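The block underneath contains the structure these notes are about, expressed in structure tokens.
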Amino acid sequence: MSIHANPQTGLFTLETAHTAYQLWADGQGVVHHLYYGPAVGAADLRGTEYCSDCGFSPQPAGMDTQRTYSLDTLCQEYTGSGVGDYRIGCLRLAGPDGSRLADLRFAGFEVCPGKYSLPGLPAAFAGEEGQCDTLRIRLRDAVSGLEVTLLYGVFAEADVITRAAVITNGGSGAIRLDKAASACLDIPFGAWELIHFHGRHCMERLPERGPLFGAVQTIRSARGASSHQHNPFVILAQPHATETAGECLGAMLVWSGSFKIECEVSQMRSTRLVAGISDDDFSWTLEPGASFTAPEVLFSYSNEGLGQLSRQYHRFVQRHIIRSVWRDRHRPILINNWEATEMDFDAEKILGIARQAAELGVEMFVLDDGWFGSRSDDRSGLGDWEVNEAKLGCTLDELIADVHALGMRFGLWVEPEMVSPDTPLYAAHPDWVLAAPGRAPATGRSQLVLDLGRPEVVDYLYHIFHRLLAEHDIAYVKWDMNRNMTDVYSHALPPERQGEAACRYMLGLYELLGRLTGDFPEVLFEGCSGGGGRFDAGMLYYFPQIWCSDDTDAVHRIKIQYGTSFGYPPAAMGSHVSACPNGQTGRTVPLATRAVVAMAGMFGYELDLRALSAEEKEAVRGQIALYKQLQPLVLDGRLDRLTDAAADRCFTAWQFTAADGSRAAVSVVALDPQANPWPIHIRLRGLEAGALYRDSLTGGVWTGAALCHAGLTLPILRGDYPAVQIMIERTEPL
Ligand code: DGJ
């Protein structure tokens, strides 16, 4: 058992392979956070707390004489409201008497084997028995009857601790929640830096790092989606922490809607992190007996640097978040027609692209946007999911049969959450969109957002897409979502409950995804939101991969995939070779380099391969053959970011190493070839020190230690963005 509970002392210690987490319910019932860091054996860490008589930090009622005891300075597991802790809090509420107060005190605990689940929400699962234990801590406000159950899932081997909170109205009057965070993590000591991942459409998840200071820093999305602009994942790192050394800890929300992660350095220099759904436009009324479940947060800690922390998340997301049968399977190398045709196609054009792709070894054809209803541009047709046979010139089944005849599987694009105003669906159900009475709603890409908070909308979409998948041989679905929410108002909710609309939308979406992915487990689903606008652990629970970005420019993709890799596994990143000059940037990058970059994720093509020269086609054949060998490393191997791609100017490099250490693949892209150049020298990582390896660059045999410490020097790379891939194979001594 990885949870040690001592009812006498009130101490709870959660142990993972390399870390420990300790909390303490004191005699007053206040639950302190004592420690999260490297394993410390059975230590009782109460003595490490800093208790000071701090001016203007009040004492809880009845504790007037204990001036060193203040909720404002103690590190806590979850905060109440309005009773003396002035830092960022977990709750804001209005009780039956109108008061904003909640004084949460310990009311009991349970420890049990296995992983708790969160009804209606995506959450980590244990998989095999013994991989997780659960601790439940119950807190209660004696006056209002509000109860908060703190949930802890301890994944010992994975070095991950999950947290969530269930808030229940155990009183007799309605309570309105205005903020309901998932977790609070108070770090008692140390100066920490915040690393977060920000960006925009076509440039998602760029890491930004800076010191935390004595004010609140907030990472948030208010868009109704986790968003291109911010990601619900942050890292706190010690100032000197690097890829390979130093302390860092991550917090990743398993939530795909608006969110907030706040950090604050307190007056006593402790650091508080509070994470959860966004409270900006949120309220939720709890009638007596009702509960609200705040989504899960995945915490992980490493004192071996950011690379190790990322690998902990990669493994965890792959093993304990992604449920799809596809997570360990060979993912088909696909061709998608979007960048080649956009919506200007018929079956003949599609089959022309498909024929060439099949001939070169591509395994699946994906028909993107524009196959249904009146959808000839992005202003119309969403919601009218009838196949446009007149446009295609054949039925969908005929097209699928033709693709199958080429030896490829067939995939299809959908955007179920949206409706175009010109469709019969909107005409029939204008109240099914998010829009407030008397106001014309804002559009985004000329479309409106269906109110998935309404069960009848979820049912409707379920039947439409269930039928689509049941009636046609569709092996893959690209589930897109191309605008953010505005006019968040649900016609199904009374005025006083409108603060629930955005959250209910997400719960409806999760329900829909759960039903469809459950009914069609063999279908490979890829998530998408204009590329990576909803790249989060909540979506990965349903979709084993997500289209990483609409920017397919390889030089930009290096940065986007680099930033994404801090929290998310490469196996989750859809990554394609597109045409040059690139459609988004106009830049030209050699085909070989585009392929090297796309091979760092789930590989495919997104161009008309017929337009390539005979030599380039031969190269594509080779890329496909090579990627088939490399994909196991990307799916299940270890990623090392050898350089800082966000800052690299001359070259960038990364390495995948097989889980058993038997082989590795190193990729290097020169960004700015120099005259009279300095050497490009790389040191490998993660190889077995004493084992012998042959490298494909020099043909030499080296020990792992030599490759990791002395490294390899590359030949001079000239031209625009040349790339080198070096294969490292373990070999026996002669
Ligand atoms: C946005 C996606 O990211 C693209 O790949 C493409 O599917 C378009 N939507 C289609 O509308």
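Note that the structure is a prediction, hence the values are computed from the model and not measured. Keep in mind that the numbers below use all heavy atoms, side chains included, and drop hydrogens, waters and symmetry copies. Remember, it's 1-based here, ligands and their atoms both numbered in the order they're listed.
Atom 11 (O) of ligand 1 has its closest protein heavy atom at Asp369 OD2, 2.6 Å. Scanning the protein for heavy atoms near atom 9 (N) of ligand 1, the closest one is Asp480 OD2, 2.7 Å. The nearest protein atom to atom 5 (O) of ligand 1, hydrogens excluded, is given as Lys478 NZ, 2.7 Å; this is a heavy-atom distance. Nearest non-hydrogen protein atom to atom 6 (C) of ligand 1 is Asp368 OD1, 3.4 Å. For atom 4 (C) of ligand 1, the closest heavy atom belonging to the protein is Asp550 OD1, 3.5 Å.
Ligand 1 lies less than 4.0 angstrom from a heavy atom belonging to Arg445. Met343 does not count as a contact of ligand 1, since none of its heavy atoms falls under 4.0 Å from the ligand.
Backbone and side-chain nitrogen or oxygen atoms of Ser529 are examined, and none is located within less than 3.5 angstrom of a nitrogen or oxygen of ligand 1. No N or O atom of Glu606 sits closer than 3.5 Å to an N or O atom of ligand 1. Backbone and side-chain nitrogen or oxygen atoms of Gly531 are examined, and one is located within less than 3.5 angstrom of a nitrogen or oxygen of ligand 1.
Residues Glu363 and Ile335 are not in side-chain contact: their nearest non-hydrogen atoms beyond the backbone lie 4.5 Å or more apart.
With 3.5 Å as the limit, one finds a donor-acceptor pair spanning the side chains of Tyr568 and Asn231.
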